[in-house]
K.L.:
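The structure's right below; bear with me while I get my questions together.
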Amino acid sequence: MNVTGYLREKILYINLSGEMDEYSAQSARVKCDKLIEENASVRKIIINLSEVAFMDSTGIGFLIGRYKKAARISVPLYIEKPNFSADKILNLSGIYSLIPKAE
């Protein structure tokens with residue numbers, strides 16, 4: 001799992017690429033949390049999932065953890081561009097009630 005981030009107009013964009021599973025989740029958590037901590041004064045955080053090839057229930061746990069971290073610093077979190085299979089899993093899990101899709 002590759003994690004990159006950049007700032008644009010007080011918005012933190014976090015791009016994930018690769019497979020989100022039990023094996024890759026821990027390093028992705030560390031990198032993502034570091035980006036959030038270093039940019040705590042942003043208006044919002046958008047996690048881009050367009051390059052995530054595979055996601056299982058570990059991905060849902062990963063997203064909920066990042067939601068909680070962002071909520072602690074009062075920054076809204078959004079999900080952007082999940083592929084069809086990830087979107088299906090996210091819909092079934094009900095995660096969009098916590099973390100809406102970015103428009």
Side-chain angles (χ1 to χ4, degrees):
M1 173 64 52
N2 188 31
V3 178
T4 59
Y6 64 93
L7 276 174
R8 186 181 329 149
E9 298 176 10
K10 298 278 292 174
I11 299 171
L12 174 61
Y13 292 88
I14 298 174
N15 298 313
L16 305 179
S17 62
E19 296 187 355
M20 174 60 74
D21 55 21
E22 180 112 14
Y23 176 76
S24 63
Q26 182 57 35
S27 65
R29 279 186 196 105
V30 171
K31 292 173 187 174
C32 203
D33 286 352
K34 184 177 180 190
L35 284 168
I36 292 170
E37 290 164 6
E38 290 173 349
N39 297 284
S41 64
V42 296
R43 286 188 302 128
K44 63 183 168 180
I45 300 167
I46 298 176
I47 297 181
N48 184 311
L49 301 176
S50 65
E51 295 182 25
V52 174
F54 171 81
M55 178 187 289
D56 61 13
S57 61
T58 305
I60 294 168
F62 169 86
L63 290 169
I64 290 173
R66 304 313 50 84
Y67 165 78
K68 289 179 179 179
K69 186 158 199 68
R72 282 193 292 273
I73 58 172
S74 301
V75 176
L77 180 71
Y78 298 89
I79 296 171
E80 180 178 61
K81 299 179 184 173
N83 66 25
F84 178 78
S85 61
D87 189 50
K88 188 173 181 178
I89 290 169
L90 296 172
N91 263 320
L92 289 172
S93 73
I95 201 165
Y96 290 130
S97 64
L98 284 178
I99 309 169
K101 284 186 184 179
E103 296 300 325

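Keep in mind that this is a model prediction, so the values were computed, not measured. Note that the numbering runs from 1 along the sequence shown for the chain. The figures that follow rest on heavy atoms only: side chains count, while hydrogens, waters and symmetry mates do not.
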K.L.:
Assess the residue pair Ile45 and Leu35 against the criterion (side-chain contact (heavy atoms from CB on, under 4.5 Å)); give the C-alpha distance rounded to whole Å, side-chain angles, the decisive distance to 0.1 Å, and a yes or no.
P.N.:
CA-CA 10 Å; Ile45 300 167; Leu35 284 168; over 6 Å; no
K.L.:
To the closest 0.5 Å, what do you measure between OH (Tyr67) and CG (Leu98)?
P.N.:
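Going from the OH atom of Tyr67 to the CG atom of Leu98 covers 5.0 Å.
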K.L.:
Applying a strict under-4.5 Å side-chain criterion to I, L, V, M, F, W and Y, I'd like to know whether Val3 and Ile60 cluster together.
P.N.:
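Yes, one cluster joins them.
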K.L.:
Looking at every heavy atom in both Ser27 and Ser24, which two are closest together, and how far apart are they?
P.N.:
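Answer, listing the atom of Ser27 first, then Ser24: OG-O, 3.3 Å.
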K.L.:
Would a single hydrophobic cluster contain both Ile99 and Tyr96, if residues Ile, Leu, Val, Met, Phe, Trp and Tyr are joined by side-chain heavy-atom contacts under 4.5 Å?
P.N.:
yes
K.L.:
Set out, in order, the CA-CA distance, both residues' side-chain angles and the distance that settles side-chain contact (heavy atoms from CB on, under 4.5 Å) for Phe62 and Leu16, then state yes or no.
P.N.:
CA-CA 12 Å; Phe62 169 86; Leu16 305 179; 3.7 Å; yes
K.L.:
Between Lys31 and Lys34, is there a side-chain heavy-atom distance shorter than 4.5 Å?
P.N.:
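No - every pair of side-chain heavy atoms lies 4.5 Å or more apart.
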K.L.:
Can you tell me which residue pairs pass the ring pair (Phe, Tyr, Trp, His ring centres under 6.0 Å) test with a partner in residues 1-24, sequence neighbours excluded?
P.N.:
Tyr6-Tyr13
K.L.:
Are Leu90 and Met20 connected in the hydrophobic side-chain network, where two residues link if heavy atoms are under 4.5 Å apart?
P.N.:
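Yes, it is one cluster - the side chains of Leu90 and Met20 are joined through contacts under 4.5 Å.
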K.L.:
Show me the side-chain donor-acceptor pairs of residues 47-57 shorter than 3.5 Å, one per line, residues at least two apart or across chains.
P.N.:
| from | atom 1 | to | atom 2 | distance (Å) |
| --- | --- | --- | --- | --- |
| Asn48 | OD1 | Ser50 | N | 2.8 |
| Asn48 | OD1 | Ser50 | OG | 2.7 |
| Asn48 | ND2 | Glu80 | OE1 | 3.1 |
| Asp56 | OD1 | Thr58 | N | 2.9 |
| Asp56 | OD1 | Thr58 | OG1 | 3.1 |

K.L.:
Can you hop from Ile73 to Leu12 via hydrophobic side chains spaced under 4.5 Å?
P.N.:
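Result: yes, single cluster for both.
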K.L.:
Should Lys69 and Leu77 count as side-chain neighbours, where that means a heavy-atom distance under 4.5 Å?
P.N.:
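Side-chain contact under 4.5 Å: no.
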K.L.:
Applying a strict under-4.5 Å side-chain criterion to I, L, V, M, F, W and Y, I'd like to know whether Val75 and Leu63 cluster together.
P.N.:
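Per the 4.5 Å side-chain linkage, Val75 and Leu63 are co-clustered.
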K.L.:
Closest approach of Asn2 and Thr4, non-hydrogen atoms and distance?
P.N.:
ND2-CG2, 4.0 Å
K.L.:
Taking only residues two or more places apart in sequence or in another chain, which ones pass salt bridge (Lys or Arg N to Asp or Glu O under 4.0 Å) with Asp33?
P.N.:
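Testing Asp33 for salt bridge (Lys or Arg N to Asp or Glu O under 4.0 Å), a comparison that skips the adjacent residues, returns Arg66.
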K.L.:
Is the backbone N or O of Ser41 less than 3.5 Å from a side-chain atom of Lys10, with the two atoms forming a donor-acceptor pair by type?
P.N.:
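It does hold such a pair.
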